[in-house]
Amino acid sequence: MSELGSMNKQMDWKKANVIVAGVDVGSVTTKVLILVEGQVYAWSQVRTIAPKESVFNAINEVRYQTGLELQNIQYVVATGRGSTQVTFAQRTMSEISCAVAGALRIWGSSVRTILDAGGDSCKVIHCTDKGRVTDFLWSDKCATGIGRSMETFADLVKKEVTEIGDIALQSDQFPKLSDFCVVYAQSEALDLIRSKVPLKQVIAAYHYAMAKRISTLVARSGVKKDFVIIGGLAKNPGIINWLESILKVSRLAPKPEVDPTLIAALGAALFADAFYRRQ
Amino acid sequence: MVKKESDAIIEKFRSIIENVTEYGKSLHEKGRVLAGYMCTHIPEEILYAAGIVPIRILTSHESQAMTRSYIHETYCSFSHDCAYQGLRRNYDYLDLIVTGSSCIHMGEAFNVWVRFAGFHEKSYLIQYPHIIHTKPATGFMVESFGQFKEFLQKFTGRPISDEDIEEAISIYNTNRRLLKRLWEFLRSDKPPLTGLEAATVTLASQVMDKQECNGMLEQLIKKVGTERARERSGVRLLLTGGSCDDLRIFELIENLADRSTIIFIDSCTAARYFWFEVPEGRSNKLEALAEGYVGRIPCPAKDNVPGTGEKKRFRLIKQFIEDFRPHGVIFIYQRFCSPQPMDVVGLKPLLLRLGIPFVDLELDTTIPIAQFRAQLDALVEIIKKVVP
Amino acid sequence: MNNGKIVAGIDAGHLNTKAVLIKDGRILSYAKAPTACDVLAATQNVLNEALKNAGVSPDRLSGMYITGVFRNMVETRTLNVGGTVPEYIADAKGALFLDNKARTVIDIGGNVHMAISFDESGNVLDVIENDKCAEGLGIFYRNMAKVLGVTEEELSELALRATKRVSVAIQCRLSAESEAIDLMCQGVEIEDIADAIARFIADRVAAMCTYVALRKKVVVAGGLAKSQAVIKHLQNMIKEEVSVGDLPEYVGAIGAAVSYGGAK
């Protein structure tokens, strides 16, 4: 994945009073989101390699688009796995609180359950209508790396990670794979290929197994509507389709304003905005 | 700046727990007979009465895979690590290895030592009942302890008198009272020590000669009470779960974005080790020991009241919550442990009713610090009701 | 293998497909390409490249033998396949071909690793394969290189410059990956993480080796044999000297070619 970025061209940061940033250093990608006067202004997303480096790459991407420098940003909140590596952040917040803040901003106060299905871990978060986190469940070690494994799997079958989700939906019938552990599932998927099962079906089988694994976590924690999904896997139609079918609950559709992978960064930026104004 | 004496004593405790081999060998050189134990379901007093110093086997925190040919992959890392240390001959200076029948993972680690690490002639498994809250259980324990005492008499070549056992009980009870006194400092909203410090001392006590330990503890408690400033505890966190001997976890919990203190640890490497007493002055010493050990905070592997299925441990945890007033609870248990997570399932509704937020930390040899920190920060944010 | 006959050996593995051409007991050429789950294409690809490297036209091939986990997927009609050879036999024969003192080969592949002991004629005596939880070491290594933003070769070199000892979870490659990323996010030096990765691989392979008696001389095959850090740690852990030849990845393919007329 190369640097991506986007900007709300109708705003002019040079005339603004409050400019803040949320930085989400995840296990797969690092995201920066800028709020100007509380509105989403610009964002960027780069691959996480060495966190400090990736953060600067993301900041530079924003600067390249908008001219905004680090010194123009009045408050920065960092979140995500590598949050402590964001040396210029005023403070850090957990990705749990940030996910809730971002989700409520985008989908509204009817949200009660958020599934953050990221690269390394999945979390199920419950909140009140005021955006207070009531409890959360973090995936156990045996469910590690489902998101990242999608990339590995896509690589193994020489497809793009952005296309395997759609391919997964093309088969109605497919064999069953171990749905407890990703290592077993990938290993069995390779065995299926060796047994000359068509690649389309293997991809479908793998997606189903992963969806089942995530659904176990969600079911353990419980789903209260409205239900939203954020993080990289929110963009995989294969996973989403079976997750909704297994759990018998549908999520609210993603909104175009902010990509599901940026919700936590948005939340962090919202906290930055609030902390700055309270100073 | 002159270092506080309490700091120096805690440092000494820490040095012992971080260099157990050195400490054990120093005792060995002084001519002491040493027995390693893997699980706290053993009557240490009988060993002590026989002139033996019990040393708990704790983990080396070394990530390794070679024990997979001895113990199944899906056994907890604590058992793998203990087995590994036996195979590496780290504990060759021990004269004896003892355990009580408790969970299967630690049982297998014990078997590895007996069969493959040279302890075949120097081992003893104490039959310990699983459903401990019944009268037959106490009778069973008395008999089992009696057999253990006979074995030790043969092993050391000298008799163990009732007076020997009574003296050991007194020394051990003193140790328990002192440790309890130390942890009770943390009841206050402005405690003079941290949970990490209390945990360090408690861990060290499990590998030390109790008389030496008692001397240091008495001095420490005196100095902590007089020397130290009292700091606000901040976010008060109670830990509950299985064995945890990794000080880095406690360090992490007390070094979050917001000020936090561990105010109580319900685990076999902390409160469950000492939060009880053995009745003193009884004529039947083995019965006294059985009664005392049954009265401990139960391990999940042992805690079932027949008929009701009620858990004594839950009532005790509720009491500790009332006494120590945590804002949040952290469940700590080994990945692949069976008994601990089963209790967690029952404890969570209790905490929900009390309105206390909680988080699960799955322990392993290695610690994913960034991931754990995120979960702990989230817990604190929930406690502080943080919204933008 | 004699009389000027040129034989091709193919090893269709989980990650890469390898080809060698052998004539008169000498290696003429070799080539490798990602398998990418299209075994037929990968096989044709590497075969053509090996032929080109050797300056040999396809019609001069007297036979082709295939080993590797995907060997049964190659249509024998489209290519002139003389037979398939199980990996453990191919590994034994290939290792012996490259070093006639070899008696054990530890093959660390893309998804599977195994240890095979054999006699002076290359007859297999004992085989052990990894357990399921330890699967995918080659895939793991490739992923880690990507995560750290370096090539696989650079990852090896970095590991040799480690100064501090850190560890990753040992249970399986996913927990190891997760913890390597966690170390990265704690700000641990990349050299130390690279070393932890190498030690993880060596540790899992060494654990497997405890099941089988290692007969001297022990050689290591497979892509990961090219990592000096992995080899260094493996030697320490199995307490046995190991050697790595010039073509560790091609041991299987060589063995397949050498098994001309050999077992199916």
Side-chain angles (χ1 to χ4, degrees), chain A residues 20 22 25-27 35 38 51 77-85 91-102 104-105 120-121 123 125-128 130-144 181 220-221 264 266-278, chain B residues 63 73-74 76-77 235 252 255-260 328-338 340-341 344-345 347-388:
Chain A
V20 298
V25 186
S27 61
L35 290 179
V77 166
T79 186
R81 218 43 125 70
S83 59
T84 54
Q85 300 298 299
R91 64 164 293 167
T92 61
M93 293 289 297
S94 75
E95 47 261 61
I96 302 288
S97 298
C98 291
V100 171
L104 258 68
R105 166 67 98 98
D120 196 65
S121 52
K123 309 96 158 160
I125 309 162
H126 291 124
C127 62
T128 67
K130 304 277 190 302
R132 248 201 327 114
V133 182
T134 53
D135 61 270
F136 66 93
L137 188 64
W138 202 288
S139 56
D140 54 272
K141 274 191 155 146
C142 286
T144 292
C181 160
R220 249 173 76 201
S221 182
L266 169 61
L270 289 166
F271 274 111
D273 198 77
F275 290 142
Y276 179 74
R277 288 175 203 275
R278 279 183 214 149
Chain B
S63 195
E73 186 79 62
T74 57
C76 73
S77 78
V235 175
L252 177 62
N255 283 289
L256 301 172
D258 286 287
R259 185 174 175 80
S260 52
V329 167
I330 303 172
F331 291 111
I332 46 166
Y333 51 86
Q334 286 284 328
R335 183 188 190 192
F336 298 137
C337 179
S338 303
Q340 297 294 339
V344 169
V345 171
L347 279 166
K348 282 184 177 174
L350 167 67
L351 293 177
L352 283 169
R353 276 200 303 276
L354 294 171
I356 298 178
F358 48 79
V359 82
D360 288 49
L361 293 185
E362 242 186 327
L363 303 179
D364 206 330
T365 318
T366 49
I367 306 175
I369 290 181
Q371 198 200 79
F372 277 7
R373 185 182 284 126
Q375 294 188 64
L376 293 164
D377 276 337
L379 178 67
V380 170
E381 285 159 21
I382 291 176
I383 289 167
K384 296 194 139 179
K385 300 183 165 57
V386 177
V387 284

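Naming convention: chains lettered A, B, ... in sequence-line order (proteins, then strands); numbering from 1 in each chain.
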So do the side chains of [X] and [Y] get within less than 4.5 Å of each other, counting heavy atoms only?
X        : Y        : answer
A/Phe271 : B/Val386 : yes
A/Thr84  : B/Arg373 : yes
B/Phe358 : A/Asp135 : no
B/Asp364 : A/Lys141 : yes

When rounded to the nearest 0.5 angstrom, what is the spacing between [atom1] in [X] and [atom2] in [Y]?
X        : Y        : atom1 : atom2 : result
B/Asp377 : A/Glu95  : CG    : CD    : 9.0 Å
B/Glu362 : A/Thr144 : CD    : OG1   : 8.0 Å
B/Asp360 : A/Leu137 : CG    : CG    : 7.0 Å
B/Gln371 : A/Ser139 : CD    : OG    : 6.5 Å

Q) Under a 4.5 Å heavy-atom cutoff, which of A/Ile125, A/Val100, A/Val133, A/Val77 has the most pairs with chain B? A)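 Max contact count across the listed options: A/Val133.
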(Q) Looking at chain B, which one of A/Cys98, A/Ser83, A/Cys142, A/Gly80 has the largest number of heavy-atom pairs inside 4.5 Å, strictly under? (A)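 Result: the option with the highest number of such pairs is A/Cys142.
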Per-residue contact mode, [X] against chain B (heavy atom under 4.5 angstrom):
X        : value
A/Thr79  : neither
A/Ser97  : both
A/Lys123 : neither
A/Arg105 : neither
A/Arg277 : neither
A/Asp120 : side chain

Q. Looking at B/Ala374, B/Ala257, B/Pro368, which makes the most heavy-atom pairs under 4.5 Å with chain A?
A.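 Top option by heavy-atom pairs under 4.5 Å: B/Ala374.
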**Q.** Which of B/Val359, B/Val380, B/Leu352, B/Val387 touches chain A most, by non-hydrogen pairs under 4.5 Å
**A.**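 Of the candidates given, the most pairs with chain A belong to B/Val387.
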Q) If only atom types and distance count, is the side chain of B/Glu381 paired as donor or acceptor with the main-chain N or O of A/Ser94 below 3.5 Å? A)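 Yes; judged by distance alone, with no hydrogens or angles, the pair exists.
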Q) Do you know which two heavy atoms are closest between A/Phe136 and B/Gln375, and how far apart they sit? A)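 Reported closest heavy-atom pair: CZ-O, 3.5 Å.
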